[in-house]
Amino acid sequence: MEAAMTRRGIVFPSLVLMLTCAMLLMIPEVSATRFIVGGNQGWTSNVNYTIWAKDKHFYKDDWLFFVYDRNQMNVLEVNKTDYETCNSDHPIHSWTTGAGRDVVPLNVTRHYYFISGKGFCYGGMKLAINVVNPPPPPMAAPATNKNGSPSDSGNQILTRSVLAFAAVWTFLFHFY
């Protein structure tokens, strides 16, 4: 009796793990990028953020990570006019949390304008980016069967599902 209880105590967590792994096989890949603003230099003066952002693509659901001296600088989101004039009097949003490690989710497709107040904007601490929708995933060339006819990608999903189900079934049958 005690051996059966121990076996069931092991089986249930193992079953949950196997089902989770099977479900993960079905989830499409999602990729968002976390950009450290300014790279190794961070959010500081004497960095040209226009050059830093020039070769980057910012997509919806990416993140900006601002690393800076929390005792001197801040991260303010402003409109285009305030960005151009370095006006920090009426920010749209202050992303400054006080830790000097602030994360900004780019969850809307639009232009974003960031500055550091306290006079640092005049020294170049300003960043303008345009966030767009990610490009569609590349279309894979259809796989071909041995006879040269294209195969159906739906068959791949069905095959994965059947294999995952078979693995769980075998596991349950073996231990019960």
Side-chain angles (χ1 to χ4, degrees), residues 13 16-143 150-154 156-157 159-161 164:
V16 170
L17 178 64
M18 286 187 68
L19 287 173
T20 302
C21 291
M23 295 297 287
L24 288 175
L25 287 174
M26 302 302 165
I27 297 174
E29 183 178 333
V30 176
S31 62
T33 302
R34 183 189 75 162
F35 294 95
I36 300 174
V37 177
N40 292 337
Q41 294 175 311
W43 184 240
T44 187
S45 54
N46 300 321
V47 175
N48 187 327
Y49 293 99
T50 302
I51 292 173
W52 173 81
K54 176 177 70 172
D55 62 343
K56 294 171 180 52
H57 299 282
F58 299 96
Y59 296 116
K60 183 177 182 261
D61 296 327
D62 284 347
W63 300 80
L64 294 180
F65 187 48
F66 289 86
V67 180
Y68 60 95
D69 181 348
R70 68 182 182 174
N71 297 315
Q72 296 183 27
M73 300 154 186
N74 57 12
V75 179
L76 304 174
E77 184 178 347
V78 296
N79 63 32
K80 184 177 182 181
T81 303
D82 288 345
Y83 171 82
E84 291 169 349
T85 61
C86 287
N87 182 358
S88 62
D89 293 339
H90 307 288
I92 295 170
H93 193 280
S94 174
W95 291 100
T96 308
T97 62
R101 309 257 182 286
D102 298 324
V103 177
V104 177
L106 303 174
N107 52 12
V108 177
T109 56
R110 64 179 173 88
H111 288 274
Y112 288 79
Y113 302 95
F114 300 97
I115 65 171
S116 182
K118 305 178 186 179
F120 286 100
C121 178
Y122 296 107
M125 285 186 69
K126 54 197 267 181
L127 172 66
I129 61 170
N130 185 29
V131 175
V132 297
N133 282 318
M139 294 296 291
S151 66
D152 186 356
S153 64
Q156 293 175 357
I157 293 172
T159 302
R160 285 184 178 181
S161 300

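Quick caveat: nothing in here was measured; it's all calculated off a predicted structure.
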Ignoring hydrogens and geometry, is there a side-chain-to-backbone donor-acceptor pair from [X] to [Y] under 3.5 Å?
X      : Y     : result
Asp62  : Tyr59 : yes
Ser116 : Asn74 : yes
Asp102 : Phe66 : no
Lys126 : Cys86 : no

Atom pair [atom1] ([X]) and [atom2] ([Y]), whose distance is rounded to the nearest 0.5 Å:
X      : Y      : atom1 : atom2 : value
Asn48  : Lys54  : CG    : NZ    : 9.0 Å
Glu84  : Cys121 : CD    : SG    : 10.5 Å
Ile115 : Leu127 : CD1   : CG    : 11.5 Å
Arg101 : Ile36  : CZ    : CD1   : 10.0 Å
Thr97  : Arg70  : OG1   : CZ    : 9.0 Å

Is any side-chain heavy atom of [X] closer than 4.5 Å to a side-chain heavy atom of [Y]?
X      : Y      : result
Lys80  : His111 : no
Phe114 : Leu64  : yes
Asn79  : Ile92  : yes
Pro91  : Glu77  : no
Phe120 : Gln72  : yes
Ile129 : Leu106 : yes

For this session: List in chain and number order the residues that pass ring-ring contact (aromatic ring centres under 6.0 Å, His included) with His57, two or more places apart in sequence or in another chain; answer none if no residue qualifies.
Result: none

Problem set entry | Results of ring-ring contact (aromatic ring centres under 6.0 Å, His included) for Tyr49 - residues two or more places apart only | Trp43

For this session: Decide if atom CG of Asn133 counts as having more than 12 heavy atoms of other residues, nucleotides or ligands within a radius under 6.0 Å.
Result: yes

Exercise. In this structure, are over 12 heavy atoms from other groups packed under 6.0 Å from Asp55 atom CG?
Worked result: yes

Exercise. Any idea which heavy atoms bring Val47 and Gln41 closest together, and the distance?
Worked result: CG2-OE1, 3.5 Å

Seminar exercise, completed: From the list Phe58, Trp63, Phe65, ring pair (Phe, Tyr, Trp, His ring centres under 6.0 Å) with Phe35 holds only for Phe58

